[in-house]
Amino acid sequence: MSAPTEIRVKVADFAVANGGTLLVTVGLGSCVAIALHDPDARIGGLAHVLLPSTGMSQDRSNRAKFPSTAVPLLCERMQALGARPGRLRAKIVGGASMFTSLLSATGLQIGERNVVATRAALEHAGIPIVGQEVGGDYGRSVYFDVRDGRLTVKSLKAGHVIL
Amino acid sequence: MNDIKELKAVQLDALREVANIGAGHAATALSQMTGSTIMISVPTINIASLEDVPTQISEPEEPIAAVLMHMVGDLTGRTLLVFPRPTAMRLAELMLRRPAGSSTEMGPLEQSAIKEAGNILSGAYMNALSEFMGLMLLPSPPSLAVDMSSAILSTAFLQFGTDRDHVFYVESQFFLQEQNEHLRGFFLLLPDLASLQAILRAVRLA
């Protein structure tokens, strides 16, 4: 296999691709990376979501910013490339709490809320989560090989994890 | 003023001056603490969308040490001190009275030294602000994170901000001059929107 083409996904952005592509997003803190894969069609989509709810933002035009809008967005774009909704599998990464000693007494941390909202959005879309590397107190980068759906998660503290 | 994008030029100037006073005091404190010459830049005022902030300060995967402190009292918000890893290590050596280049591990002692340096710096910055404006400002204990720059910065802005679309921050860069080395760091002041208004009132420019 030749080296895949790399596509970088920025914060609150997304990308879909097929064939020999590596979808990459770096420096996830409390943000969550949602990776969807259709193994039969070898089509993948990756979103880097920022906020757990559209209600927390006044500018909702960017659908890749929130889990509830990013999941349908990825599905639409992947279907346009030939993916089938029933075949999609999800892997999620991120949602860390970087400053744990400042945990507020009330409510969840943004990272945890992003993970909860992501799970809800995937369940709503009927997409099973087949791998996850979430929570903790460290940042992560994601390298998603669209050919086989393999996700390499890199971090400074916990080394490499393959999902 | 409901929108940070509506600030006038004279108000931005006043904020820059307020930040300059704070950063000047912080630099003096750092200089006394380390015995090194510290230079500071003219503060810049930045209003950016949340998506763009992390990349404006450093490379997203660059390892940094960041000390976060909350301010409470008449003003609320946060201060964030960002040291790229080489600066953080040297700062720890200076604090621990070790020779240059002798420390490579970011162990508990080094982390504690960096946290304390952050505490002193932010404390000096906040004290200066507080005296200049006649407002009560109380710093919280410091919290340290050592990780990828983008992971730390995006979380620092997201977790605690009140405006989730744009962030307002005043940035002062400082340089530590050591023999042949130039080490840099950033000091970010992140006032809540309501506190921005309080700062402007205190300098009679609201």
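Quick caveat: nothing in here was measured; it's all calculated off a predicted structure.
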For [X], does the [atom1] atom have more than 12 heavy-atom neighbours from other residues, nucleotides or ligands under 6.0 Å away?
{"X": "B:R98", "atom1": "CZ", "answer": "yes"}
{"X": "A:R77", "atom1": "CZ", "answer": "no"}
{"X": "B:E62", "atom1": "CD", "answer": "yes"}
{"X": "B:E105", "atom1": "CD", "answer": "no"}

Which heavy atom of [X] sits nearest to which heavy atom of [Y], and what is that distance?
{"X": "B:M148", "Y": "A:S141", "result": "SD-OG, 3.4 Å"}
{"X": "B:S154", "Y": "A:C31", "result": "OG-SG, 4.4 Å"}
{"X": "B:S150", "Y": "A:G27", "result": "OG-O, 3.0 Å"}
{"X": "B:D147", "Y": "A:G139", "result": "OD2-N, 2.7 Å"}

- [ ] Pick whichever of A:G94, A:G29, A:S155 has the most heavy-atom pairs under 4.5 Å with chain B.
- [x]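 The residue among A:G94, A:G29, A:S155 with the greatest pair count is A:G29.
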Open item on the list: Nearest 0.5 Å, please: how far is CZ in B:R78 from CZ in A:F99?
Closed with: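 It comes to 11.0 Å.
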Open item on the list: Counting only non-hydrogen atoms closer than 4.5 Å, does A:K157 touch chain B with its backbone (N, CA, C, O), its side chain (CB onward), both, or neither?
Closed with: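 Side chain only.
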Task: Which atoms of A:N62 approach chain B - backbone, side chain, both or neither, heavy atom under 4.5 Å - done: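 Answer is side chain: those atoms of A:N62 sit under 4.5 Å from chain B.
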Open item on the list: Has B:T155 got a side-chain atom pairing as donor or acceptor with A:M98's backbone, closer than 3.5 angstrom?
Closed with: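 No, the answer is negative, given that no donor and acceptor are paired below the 3.5 Å cut-off.
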